[in-house]
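Everything below concerns the one structure shown next.
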Amino acid sequence: MLLHLSDLHFGTERPECLVAIQQFCETHRPEAVVVSGDLTQRARLTQFYACKRFLDQLNTPYLVIPGNHDIPLYHLWNRLFQPFTRYRLFFGKLESVLETAHFYLIGVNTIRRRYHTKGHLSLKQIDGIDLKLQQAPPSKLKIIVTHQPFYVPVQDKRGLKDRPIKAKVALKAWARHGLFAVLHGHLHRTAVYDLNAQLDVGVNHPVYDVHAGTSASHRLHKNAPNSFNVIEISGKISQYFFDEVTQSFVIKPEVLN
């Protein structure tokens with residue numbers, strides 16, 4: 001089992017959600033946790049510290065990537081010349097690989113200091129990830145983690161403008177090597193799409209675009225509940241929503257078999 005969290009936004013976190021995530025990990029013992037960006041609300045040292053402490057206390061291997069909220073917004077000097085200094089202080093590399101018994105996870109940084117919310121991929125990144133996917137064990141689910149989504153419906157104007165530059169170029173390359181899914185956050189709402197069906201990336205198998213809501217922040221999209229995703233080793237994708245009555249995360253009716 002893989003636990004997919006996103007948009008924790010420490011600085012606006014709900015303690016009851018953090019406790020419920022810890023309880024979920026204690027009960028279900030996921031192989032790994034991934035956090036698809038926006039660990040903090042304003043990239044402050046205290047917020048990064050709180051997030052690192054929380055993730056360490058889950059006692060589960062984890063992979064994180066930065067989101068657009070994880071670089072300074074108002075401190076222009078820091079944003080221009082050292083945007084990821086605080087992130088690196090607590091989490092090290094901007095991109096890393098985590099391999100577990102059943103999952104091969106690649107974190108990809110789509111954040112650039114010159115953009116406020118829009119994602120970006122370079123050709124160097126695309127080629128490097130392509131090589132990693134080729135070298136990944138074929139028996140494991142190959143998953144990429146980015147902050148901004150690769151697909152959103154055309155009516156979603158904000159989501160469309162924030163999709164990473166070169167996203168389709170990347171997908172056409174990565175899908176050839178058995179990519180199972182790309183995990184995202186950013187928009188604070190849940191969804192699952194087949195990228196091959198929506199963008200015609202040229203393979204004969206689904207490549208899932210898995211959106212996560214905010215797992216622990218009170219910054220909710222249209223009052224949607226806090227949520228996270230779970231991916232089973234069978235490939236089943238489930239969504240869990242925070243129940244205010246039981247103060248726990250409960251599964252939504254089945255999303256995908």
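Side-chain atoms are counted along with the backbone in the values below, which use heavy atoms only and exclude waters and symmetry mates.
- Looking at His186 and Asp162, their side chains do bring a donor and an acceptor atom within 3.5 Å of each other.
- A single hydrophobic cluster is not seen to contain both Leu105 and Leu121; linkage of ILVMFWY side chains at heavy-atom distances under 4.5 Å, directly or through other members, places them apart.
- Closest approach of Leu63 to Ser96, counting heavy atoms only: CD1-O, 3.5 Å.
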(Q) One pair to check against ring pair (Phe, Tyr, Trp, His ring centres under 6.0 Å): Tyr151 and Tyr193. What are the steps and the verdict? (A) CA-CA 8 Å; Tyr151 173 80; Tyr193 303 101; 4.8 Å; yes
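- Side-chain atoms of Gln135 never come within 3.5 Å of backbone atoms of Leu133 as a donor-acceptor pair (strictly under, hydrogens ignored).
- Considering only heavy atoms from C-beta on, Phe54 comes within 4.5 Å of Gln22 through its side chain.
- Note: Phe103 CZ to Leu98 CG = 10.5 Å, rounded to the nearest 0.5 Å.
- Judged by distance alone, the side chain of Lys140 and the main-chain N or O of Thr100 form a donor-acceptor pair under 3.5 Å.
- The distance from atom CZ of Arg86 to atom CZ of Arg44, rounded to the nearest 0.5 Å, is 9.0 Å.
- Within the 3.5 Å criterion, the main-chain N or O of Ser122 finds a donor-acceptor partner in the side chain of Gln125.
- In this structure a side-chain-to-backbone donor-acceptor pair under 3.5 Å is present from Ser215 to Ser227.
- Separation of atoms CD (Gln239) and CG (Asn229) is listed at 5.5 Å; rounding is to 0.5 Å.
- No side-chain heavy atom of His221 sits less than 4.5 Å from a side-chain heavy atom of Leu187.
- Under the 3.5 Å distance criterion, with hydrogens and angles disregarded, no donor-acceptor pair is assigned to the side chains of Thr117 and Asn68.
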**Q.** Stepwise side chain to side chain contact (heavy atoms under 4.5 Å, CB included) check, Val34 with Tyr62
**A.** CA-CA 6 Å; Val34 299; Tyr62 62 83; over 6 Å; no
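- Residues Leu94 and Arg88 are in side-chain contact: their nearest non-hydrogen atoms beyond the backbone lie under 4.5 Å apart.
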Q: Given ring pair (Phe, Tyr, Trp, His ring centres under 6.0 Å), test Phe180 with Tyr208 step by step and report yes or no.
A: CA-CA 6 Å; Phe180 171 74; Tyr208 296 110; 5.5 Å; yes
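- With a 4.5 Å cut-off on side-chain heavy atoms, Cys25 and Leu3 count as touching.
- Rounding to the nearest 0.5 Å places CG of Leu220 at 8.5 Å from NE2 of His188.
- Between the CZ atom of Phe228 and the CG atom of Asp7 there is a distance of 15.0 Å, given to the nearest 0.5 Å.
- With Phe249 as reference, Phe242 is the one residue of Tyr240, Phe242, Phe241 to meet the ring pair (Phe, Tyr, Trp, His ring centres under 6.0 Å) rule.
- With Asp209 contributing its side chain and Asp194 its backbone, the two residues share no donor-acceptor pair below 3.5 Å.
- Cluster membership check: Ile71 shares its hydrophobic cluster with Val64, using side-chain heavy-atom separations under 4.5 Å among Ile, Leu, Val, Met, Phe, Trp and Tyr.
- Val145 and Val192 fall within the same hydrophobic cluster, defined by Ile, Leu, Val, Met, Phe, Trp and Tyr side-chain heavy atoms under 4.5 Å apart, directly or through other members.
- Atom CG of Asp130 is separated from atom NZ of Lys132 by 11.5 Å, given to the nearest 0.5 angstrom.
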Q: Before giving the answer on side chain to side chain contact (heavy atoms under 4.5 Å, CB included), spell out for Val245 and Gln247 the whole-Å C-alpha distance, their side-chain angles and the decisive distance to 0.1 Å.
A: CA-CA 6 Å; Val245 176; Gln247 297 284 281; over 6 Å; no
Q: Go through the steps for Trp174 and Ile129 under the test side chain to side chain contact (heavy atoms under 4.5 Å, CB included), then give the verdict.
A: CA-CA 8 Å; Trp174 301 341; Ile129 293 159; 3.6 Å; yes
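- Between Glu244 and Arg14, at least one side-chain nitrogen of the basic residue sits less than 4.0 Å from a carboxylate oxygen of the acidic one, meeting the salt-bridge criterion.
- Heavy-atom minimum distance, Ala181 versus Val210: CB-CG2, 4.3 Å.
- Without hydrogens or angle criteria, Thr60 side chain to Leu58 main chain gives a donor-acceptor distance under 3.5 Å.
- The closest side-chain heavy-atom distance from Leu2 to Val230 is not below 4.5 Å.
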Q: Kindly indicate, with the supporting measurements, whether the criterion side chain to side chain contact (heavy atoms under 4.5 Å, CB included) is fulfilled by Gln41 and Arg219.
A: CA-CA 10 Å; Gln41 176 63 13; Arg219 299 178 71 251; 3.2 Å; yes
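- Using modelled atom types and a 3.5 Å distance limit, the side chains of Gln148 and Thr110 yield a donor-acceptor pair.
- Between the side chain of Lys168 and the backbone N or O of Val201 there is no donor-acceptor pair closer than 3.5 Å.
- Hydrophobic clustering (ILVMFWY, side-chain heavy atoms < 4.5 Å, transitive): Val203 and Val182 are in one cluster.
- Side chain of Lys52 to main chain of Phe91: no donor-acceptor pair is present (N/O by atom type, distance under 3.5 Å, no hydrogens or angles).
- Heavy-atom minimum distance, Thr190 versus Gly213: CG2-N, 3.6 Å.
- When all heavy atoms of Gly185 and Ser6 are compared, the closest pair comes out as CA-OG, 3.1 Å.
- Under the 4.5 Å side-chain criterion, counting only non-hydrogen atoms from C-beta, Leu199 is not in contact with Val207.
- Listed for the Asn226 side chain is a donor-acceptor partner under 3.5 Å among the backbone atoms of Ser217.
- With a 4.5 Å cut-off on side-chain heavy atoms, Val33 and Pro61 do not count as touching.
- For Tyr49, the OH atom sits in a loose shell: 12 or fewer heavy atoms of surrounding residues, nucleotides or ligands are nearer than 6.0 Å.
- Hydrophobic clustering places Leu183 together with Ile65 (ILVMFWY residues linked when any side-chain heavy atoms are closer than 4.5 Å, directly or through intermediates).
- Using cut-offs of 30° and 60° on the angle between ring planes, the pair Phe84 and Tyr87 is perpendicular.
- Remark: side-chain polar atoms of Glu31 are paired, donor with acceptor, to backbone N or O of His102 under 3.5 angstrom.
- A side-chain hydrogen bond (donor to acceptor under 3.5 Å, both in side chains) with Ser36 is found for exactly one of His4, His184, His147, namely His4.
- The shortest distance between side-chain heavy atoms of Ile144 and Leu179 falls below 4.5 Å.
- Taking each heavy atom of His177 and Lys142 in turn, the nearest pair found is O-NZ, 2.7 Å.
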Q) Where do His9 and His69 land on the ring pair (Phe, Tyr, Trp, His ring centres under 6.0 Å) test, with the steps shown first? A) CA-CA 8 Å; His9 286 284; His69 278 258; 4.7 Å; yes
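- Tested against Gln47 for a side chain to side chain contact (heavy atoms under 4.5 Å, CB included), the candidates Leu8, Thr40, Asp70 yield a single pass: Thr40.
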